[in-house]
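Remarks on the structure that follows.
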Amino acid sequence: MQLTEFSLWGSDLVIEENFNINLSCNRLPVENSPSRNNFGIICLFLKGNADIEIDCVRYHLEKGMILSVFPMQVIRQIEASPDLKLMYFTNSNEILDRILFRFPPEFEMFLKEYPTFKFSGKIFLKNVALISMLDEKFKDRANICRNEIILSLIRCFYLEIYNNLHHELLKNPIKDTRGKVFMKKFISLLMQHYRESREVAFYANKLNITPKYLSIISEKVNGQKAKKVIDEYTITEIKLRLKATTQSLQEIAESLNFPDLSFFCKYFKKQTGMTPKHYRDK
């Protein structure tokens, strides 16, 4: 009797195009300039520390912490210590759709709001072991069930995170300060209206607070004044379009509601020190 390869939920995936893993790396799998992430990323920090920015919010990561990023989030590495060491895996949107389809929607929403977290050393080591097993199965190309095992292990990893977060929050509920609540609303409004306005007063008005108070909150929570956050988000969007599209400078300026091309170029140069054309050519 001969056994044949069977069809399950992952047999139609070209796993090399949808999944990548590295057990020992000295840098995050992201660029130093802002980029819209095409893959989900899970990083476990083994040594050293790093500062990153996700959707305009800055995070500090160190040994024992886990980072979770979903596709289409804008991320960049700000700085990292020379002794940084981490392990990570990336998975495509298709993989995430398959493994998270029965998870409650609030799970993904929570991880997007809190992309970094720290568990006890024992739980962290369990996650390290699980990723090591993932790597072992990824390299086992002779295994006729390879794809299904990999998908099952990724799903198991997220289930473990879900369980651990649930118990952690029962012990230590996360309490958002008034400032953090305003900051989240501000970032949400910015993502919706950055084409419409780049003025602090516009967003302060929608939050029913004064522009000065919004800047104080932003600097306290995020380390930057509100105007700086708005400008950095806008510049990030411009950079992404310059890098990833064939839109002309005029088209980009119009789509972002700049009064004319000259103003658009001056705005970009003031924020970055170079013209949009120079950035695109570079």
Side-chain angles (χ1 to χ4, degrees), residues 5-23 25 28-31 34-44 52-57 59 66-76 86-117 119 126-141 143-166 168-169 184 187-188 191-192 236-237 240-241 243-245:
E5 204 169 329
F6 53 88
S7 291
L8 280 177
W9 58 332
S11 56
D12 59 327
L13 275 175
V14 179
I15 202 70
E16 283 75 15
E17 295 177 3
N18 290 273
F19 177 80
N20 187 35
I21 189 165
N22 191 326
L23 296 188
C25 188
L28 285 158
V30 300
E31 298 179 27
S35 58
R36 195 176 296 283
N37 201 42
N38 292 321
F39 282 72
I41 302 173
I42 292 289
C43 282
L44 274 66
I52 64 168
E53 190 175 83
I54 305 173
D55 293 336
C56 290
V57 180
Y59 299 92
I66 299 175
L67 167 70
S68 170
V69 183
F70 285 86
M72 302 312 292
Q73 291 190 276
V74 176
I75 182 172
R76 72 181 177 107
L86 53 87
M87 58 167 48
Y88 73 83
F89 67 85
T90 64
N91 32 236
S92 68
N93 210 26
E94 186 172 357
I95 285 181
L96 285 170
D97 285 345
R98 296 188 189 207
I99 64 174
L100 299 181
F101 73 101
R102 285 187 178 173
F103 279 54
E106 58 267 23
F107 175 69
E108 183 173 334
M109 291 168 58
F110 180 85
L111 287 188
K112 283 183 177 179
E113 274 196 52
Y114 302 97
T116 66
F117 38 92
F119 297 129
K126 282 184 178 179
N127 287 316
V128 168
L130 192 49
I131 293 183
S132 298
M133 191 184 300
L134 253 175
D135 182 65
E136 179 187 334
K137 297 305 175 185
F138 181 65
K139 291 174 179 173
D140 186 10
R141 294 172 183 270
N143 192 323
I144 62 172
C145 306
R146 175 175 175 247
N147 283 17
E148 282 71 26
I149 294 172
I150 288 172
L151 291 182
S152 295
L153 286 173
I154 296 172
R155 190 161 194 267
C156 182
F157 185 90
Y158 279 100
L159 284 168
E160 287 291 344
I161 287 179
Y162 188 84
N163 173 65
N164 293 328
L165 282 174
H166 172 76
E168 191 68 27
L169 290 173
K184 286 179 185 177
I187 296 297
S188 179
M191 293 170 74
Q192 295 174 53
T236 295
E237 287 295 329
L240 292 173
R241 294 179 191 221
K243 285 198 298 183
T245 75

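Since the model is a prediction, treat every value here as computed from it, not as a measurement. If you read the sequence from its start, that first residue is 1, and numbering goes on from there.
The shortest heavy-atom contact between Leu23 and Asp135 is CD1-OD2, 3.4 Å. When all heavy atoms are compared, the tightest approach of Ser68 to Leu111 is OG-CD1, 3.7 Å. Taking each heavy atom of Phe107 and Phe103 in turn, the nearest pair found is CD2-CD2, 3.4 Å. Closest of all the heavy-atom pairs between Val74 and Thr236 is CG1-CG2, 3.3 Å. When all heavy atoms of Ile21 and Ile131 are compared, the pair lying nearest together is CD1-O, 3.5 Å. Smallest separation of non-hydrogen atoms from Arg155 and Ile99: NE-O, 2.7 Å.
Taking the salt bridge (charged side-chain N to carboxylate O under 4.0 Å, His left out) definition, one finds that Lys243 meets it with Glu31, sequence neighbours left out.
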*Given Tyr158 and Tyr162, is the ring pair (Phe, Tyr, Trp, His ring centres under 6.0 Å) satisfied, shown in steps?*
CA-CA 6 Å; Tyr158 279 100; Tyr162 188 84; over 10 Å; no
*Just do the side-chain contact (heavy atoms from CB on, under 4.5 Å) check on Leu153 and Ile149 with the steps written out, would you?*
CA-CA 6 Å; Leu153 286 173; Ile149 294 172; 4.0 Å; yes
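In this structure, Phe138 has its ring center no closer than 6.0 Å to that of Phe89.
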Counting only pairs under 3.5 Å, give me each side-chain donor-acceptor contact of residues 36-43, with atom names and distances, residues two or more places apart or in other chains.
residue	atom	partner	partner atom	Å
Arg36	NH1	Met72	O	3.2
Arg36	NH2	Glu237	OE1	3.2
Arg36	NH2	Glu237	OE2	2.7
Asn37	ND2	Phe39	O	2.1

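If you take OG on Ser132 and CG on Asn127, they are separated by 10.5 Å, rounding to the nearest 0.5 Å.
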